[in-house]
Number of protein chains: 2
Amino acid sequence: MFARIDHTGVAVEDLDAAIALYEGSFGMRLVHRETVESQGVEAVLLDVGENHVELLRPLGPDTPVGRFLASRGPGLHHVAYQTPDIARALDGLRAAGVRLIDETPRIGIRGSSVAFLHPAASGGVLTEIVQPSKEH
Amino acid sequence: MFARIDHTGVAVEDLDAAIALYEGSFGMRLVHRETVESQGVEAVLLDVGENHVELLRPLGPDTPVGRFLASRGPGLHHVAYQTPDIARALDGLRAAGVRLIDETPRIGIRGSSVAFLHPAASGGVLTEIVQPSKEH
């Protein structure tokens, strides 16, 4: 069902400081930067092999990542698994009885198709599945 | 410096329920199970492509993962990046001024060499670096 870990999502308060850490100290290549209004974040992708780190700065306090920062502080926010066929993966998860936040895929960063699973049904882990766009 | 995400570490209260989710519903293959006394956990590794999910059940409340569960509940605990040369990676991180928990590598799961970075120096993310054993 899943080909690899697509990315780990990290909630940050200071995006420039986070980029300095991941790009400067960890040597990861910054490959994309995008404001995703529908998710209320400015997001930065860095490559680590075929996986990515996604840095997430909330656009305001009344956003999912803003509320996460207020309650838990900066840190790991979610994990995303990559699938070649998100519709089929969602069918499989539904058949397995996994509770979904998104019953149908929506557009995520860099033109990907994404869907979130409910953390209450995933052992407290906010879990995303991602089908990359054809370009990536 | 890092070849890929080695694994995401997930703190769990009920290891059997977590295995049912990751193996049964997510279709990941369980490849290893080990009690790591030095880290106070029973750990399970599942493959997802070349990456892994590491499920962590604390051996008692007075362990790092036990304290994590008591304060934050089950969920994402750490992320680990894979490196082919952990000594060189630690030198690079030290040179970049990154604060380390482990100044020298220690033995981790499945005979790997591991070291943890300090979350306060990594944007709140408990970050591990891993050099797999030659067998993996």
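The shortest side-chain heavy-atom distance between B/Leu56 and B/Val10 does not fall under the 4.5 Å cut-off. Within the 4.5 Å cutoff, the side chain of B/Val53 has no heavy atoms near those of the B/His7 side chain. Using a 4.5 Å cut-off on side-chain heavy atoms (C-beta onward), A/Gln39 and A/Arg106 make contact.
Salt bridge present: B/Asp91 and B/Arg94 bring a charged side-chain N and a carboxylate O closer than 4.0 Å.
Neither the backbone nor the side chain of A/Ile129 comes within contact range of chain B; no heavy atom of the residue lies under 4.5 Å from a heavy atom of that chain. Residue B/Val12: no heavy atom, backbone or side chain, is found under 4.5 Å from chain A. With a 4.5 angstrom heavy-atom cutoff, B/Ala89 does not touch chain A via any of its atoms. The part of B/Tyr22 that comes within reach of chain A is its side chain, from C-beta onward, which places non-hydrogen atoms under 4.5 angstrom from that chain. Only the backbone of A/Ala121 comes within contact range of chain B, with heavy atoms under 4.5 Å apart. Interface remark: A/Ala18 contributes no atoms to any contact with chain B (heavy atom separation under 4.5 Å). Interface remark: B/Leu21 contributes side-chain atoms only to the contact with chain A (heavy atom separation under 4.5 Å).
Residues B/Leu76 and A/Val79 share a closest heavy-atom pair of CD1-N, 4.0 Å.
Counting non-hydrogen atoms of neighbouring residues, nucleotides and ligands closer than 6.0 angstrom, the CZ atom of B/Arg29 reaches no more than 12 such neighbours.
Note on A/Glu13, A/Arg4, A/Gln82: by heavy-atom pairs under 4.5 Å with chain B, the leading option is A/Arg4. Interface summary for chain A: among B/Gly24, B/Ala96, B/Pro74, the most heavy-atom pairs under 4.5 angstrom belong to B/Pro74. Listed options A/Gly27, A/Ala3, A/Gly97 were ranked by heavy-atom pairs under 4.5 angstrom with chain B; first place goes to A/Ala3. Interface summary for chain A: among B/Met1, B/Arg72, B/Glu50, B/Met28, the most heavy-atom pairs under 4.5 angstrom belong to B/Arg72.
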B/His32 vs B/His52, side chain to side chain donor-acceptor pair (under 3.5 Å): CA-CA, chis, key distance, verdict: CA-CA 10 Å; B/His32 186 71; B/His52 311 282; over 6 Å; no

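Ring geometry, B/Phe68 versus B/His77: the interplanar angle exceeds 60°, so the pair is classed perpendicular (tilted spans 30 to 60°).
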